[in-house]
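See below for the structure under consideration.
Below, chain A is the first sequence line, B the second, and so on; all start at residue 1.
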Amino acid sequence: MGNVAASLILRRDGDAVRIVERGTAERGTVERDTADGDRESVVEAADFPRFVADREATTGGSPPRWVWDDTTRWYPDLLRAGVRVHRCLDLRLAHDILRRSPHIDQRTLAGDDLARWDALQPTTAHDAALFDWHRHEEHLDAEAEYDRQQRAVDASGKRGPLELLLAAESSGALVAAEIDHVGLPLREEVHERLLTQLIGARPLPGARPAELERLLPEIRAALDAPDLNPDSPKALLGALRSAGLDVSDTRAWNLQQLDHPVIAPLLAYKKLQRLANANGWRWLDTWVSDGRYQPGFLPGGTVTGRWTAQGGGALSFPAQIRGSVVADEGWRFVVADVAQLEPRVLAALSGDRAMSEAASESDLYEGMVKRGAVKTRRDAKLGMLGAMYGSTSGEGGRMVARMTRLYPRAFGFVEDAARAGERAEVVETYLGRASERPTGRWTRALGDEARADESRERDRKKWGRFTRNFVVQGSGAEWALCWIATLRTLLWRIGPQGADLELADRPHLVFFLHDEVLVHTPEALADEVVAAVRTAAAEATRIMFGRFPIDFPLDVDVCRSWADADSRAVRMDDADDADELDAGDGPASG
DNA sequence: GATGCTAGCGCC
DNA sequence: AAAGGGCGCTAGCATC
């Protein structure tokens, strides 16, 4: 990720910020740069944003790296002050990764405040309002932790991949903070109109929306259950059974198979009720203001390294309401997603040439069909999903068995990961994020003495499916982090340059969803943004996999509304299997 | 009234 | 007999 001119290690000290500047004569070493020496300065909190802005502006070509305990404790304030940084090292996120890594000598990370670093949690907008800004972290010694981490990584034997992982993770933290800062453009009036069309006008507090109120008597009549509340799964299940329907749960997919007058209105009701609950008026009031939705992204929130979000449901933003996401006047969205990210990552991490050859097609599954490996796209997909999730029976299981002969390296790779998990071993992503160790009931299930017990055997298999998927999902998340980190840097160079131009004035990332990004950009710069998105993907591939031949083709759309980014929909229409497999197109694959 | 759990469904 | 991974979020419901 380029040469680092200097690391500036930050620590809050009362109402001031103490900054230790460490030259890095030799990248990654802990030795102090004797030519330059450590410089320590103390800056009043009020002057800190300007200090950062100056350093960002004056370090010609080689911006500093800000080393801080936790991006969520530093960066939002800077962004509010109009200051953006090029790069950082997030010690909290790095600590989490290193603490789990089997390549790290954990003694190297041990310090007086180890437990505090272990327990350090990101702050949220909610916390920020509750707690004084330096209450939690003022005693955390970033300099000591930084030194420990550097030593640990240097001695790990995996320095290159781990440094890349920590850099990518840290860049992700910057992206997340920036997205939360600017927000996703979402027009309240469009959303309200959409809700009104689908479920009726905004109801009075406590009342059901009109469309639900309309469906309710139909459902009750069809089941001869005049007081039924369909929102109660228990009551609904009872009513369905009383009506003579043979059901064991009330899932929509199961109800769909049944032939009964209640099914149509009930499924319609469930669908609309879900929308009203998850993304209705209350959601709008809570999470959207002044035309912006703030997703509350938490980088590294998942064991596999995928992000999570808190509160607003950002990671399950329904396709149904993406029409509310509308670019500003004179602006556009550039929407890009990767087709079959995880299968492609698997081909590369296992070094499976046959699979990477099939991946030279924009549709990996068609590539397999075209090369005669499988008969239909549907078969290819069932087999790939089965391999990544651990199907053992049914069509998926059969395809896994067949395709294992065609792609022994890729299929063997996930198989090995599953076996390792079943033996209670830790598995790793491509860059070295380690899976958590089994605890609690899992420890018992994975012990040697557990062999004969059926329920423990089930648990053992389940843990194997987790580690099987971990290596693929986690490595896919790493590719995606490299992608958005590079894209973020490229976007900053597009369009007019100037210190007075803030993030929201330029092309900027507004959403990230595992394998998909949204960039909000002035219309005139959209073509440049499209090129940047593609360049960043190619660069991510090179950074991760070097010369191994693997393609990560993107579907890119320039549009006014997220709903108009229809490459995904078109591809699913073309497919012969959109309805047979789960609602999406597989894991983070499009 | 607060808390923790499950069922169900949304996303990848 | 069947056996697909990772999440968040809501309402309902049991419990304290």
Side-chain angles (χ1 to χ4, degrees), chain A residues 208 229-237 248-255 266-267 269-280 282-283 286-287 295-298 300-322 337-343 346 381-397 399-400 414 417-418 421 427 429 435-436 454-455 457-477 480 511-517 568 581-590:
Chain A
R208 277 194 176 83
N229 172 16
D231 301 334
S232 163
K234 207 173 173 181
L236 180 58
L237 184 62
S248 55
D249 58 54
T250 64
R251 290 189 190 123
W253 194 87
N254 289 330
L255 298 179
L266 179 56
L267 290 176
Y269 181 96
K270 284 167 79 82
K271 182 101 182 151
L272 295 178
Q273 176 71 305
R274 161 80 195 182
L275 175 62
N277 285 340
N279 301 99
R282 201 164 53 95
W283 174 84
T286 309
W287 300 104
F297 282 130
L298 278 180
T302 312
V303 285
T304 61
R306 279 188 175 181
W307 291 9
T308 56
Q310 40 181 24
L315 270 56
S316 53
F317 202 105
Q320 207 177 8
I321 58 158
R322 290 183 182 180
D337 71 276
V338 192
Q340 302 111 21
L341 170 63
E342 289 176 355
L346 174 57
K381 188 159 143 183
L382 278 165
M384 281 306 309
L385 294 186
M388 294 187 298
Y389 291 160
S391 294
T392 56
S393 68
E395 288 182 89
M399 285 314 301
V400 170
V414 286
V427 297
T429 60
S435 64
E436 59 188 356
E454 274 180 41
S455 82
E457 179 65 11
R458 272 199 300 278
D459 279 354
R460 205 168 65 84
K461 292 284 185 192
K462 189 165 172 57
W463 193 264
R465 286 195 298 276
F466 162 63
T467 52
R468 169 193 291 272
N469 186 252
F470 180 93
V471 295
V472 180
Q473 187 185 116
S475 302
F511 216 70
F512 169 56
L513 204 54
H514 308 312
D515 68 345
E516 179 173 10
V517 296
R568 190 176 296 261
L581 295 181
D582 60 21
D585 196 25
S589 66

note = Of the listed dG6(C), dG8(B), dT10(C), the closest approach to the Phe466(A) side chain comes from dG6(C)
query = Reckon Ala314(A) touches a base, only the sugar-phosphate, or nothing at all at heavy-atom distances under 4.0 Å?
reply = nothing
remark   = Assert: residue with more 5' nearest nucleotide on DNA chain C, out of Lys462(A) and Arg458(A), is Arg458(A)
ask   = Between the side-chain atoms of Arg274(A) and the base atoms of dC9(B), is any donor-acceptor pair under 3.5 Å?
value = yes
query = Between Met388(A) (CE) and dG5(C) (P), how many Å, whole number?
reply = 13 Å
ask   = Would Tyr389(A) count as stacked on dG5(C) if the rule is ring centres under 5.5 Å and plane angle under 30°?
value = yes
request  = Classify the nucleic acid contact of Ala319(A) as base, sugar-phosphate or nothing, counting any heavy atom under 4.0 Å across all strands shown.
outcome  = sugar-phosphate
message = The side chain of Thr304(A) is closest to which nucleotide in this list: dG6(C), dC12(B), dA11(C)?
response = dG6(C)
query = Which part of the nucleic acid, if any, lies within contact of Asn229(A), taking any heavy atom under 4.0 Å across all strands shown: a base, the sugar-phosphate backbone alone, or nothing?
reply = sugar-phosphate
query = Which nucleotide in the set dG12(C), dG5(C), dA3(C) lies at the smallest distance from any side-chain heavy atom of Arg465(A)?
reply = dG5(C)
ask   = What about Arg251(A): does its side chain form a donor-acceptor pair under 3.5 Å with the base of dC9(B)?
value = no
key: Phosphate OP1/OP2 of dA11(C) contacted by Lys234(A) side-chain N/O (<4.0 Å)   = no
task = Please work out if Gly312(A) contacts a base, only the sugar-phosphate, or nothing of the nucleic acid, heavy-atom cut-off 4.0 Å.
result = sugar-phosphate
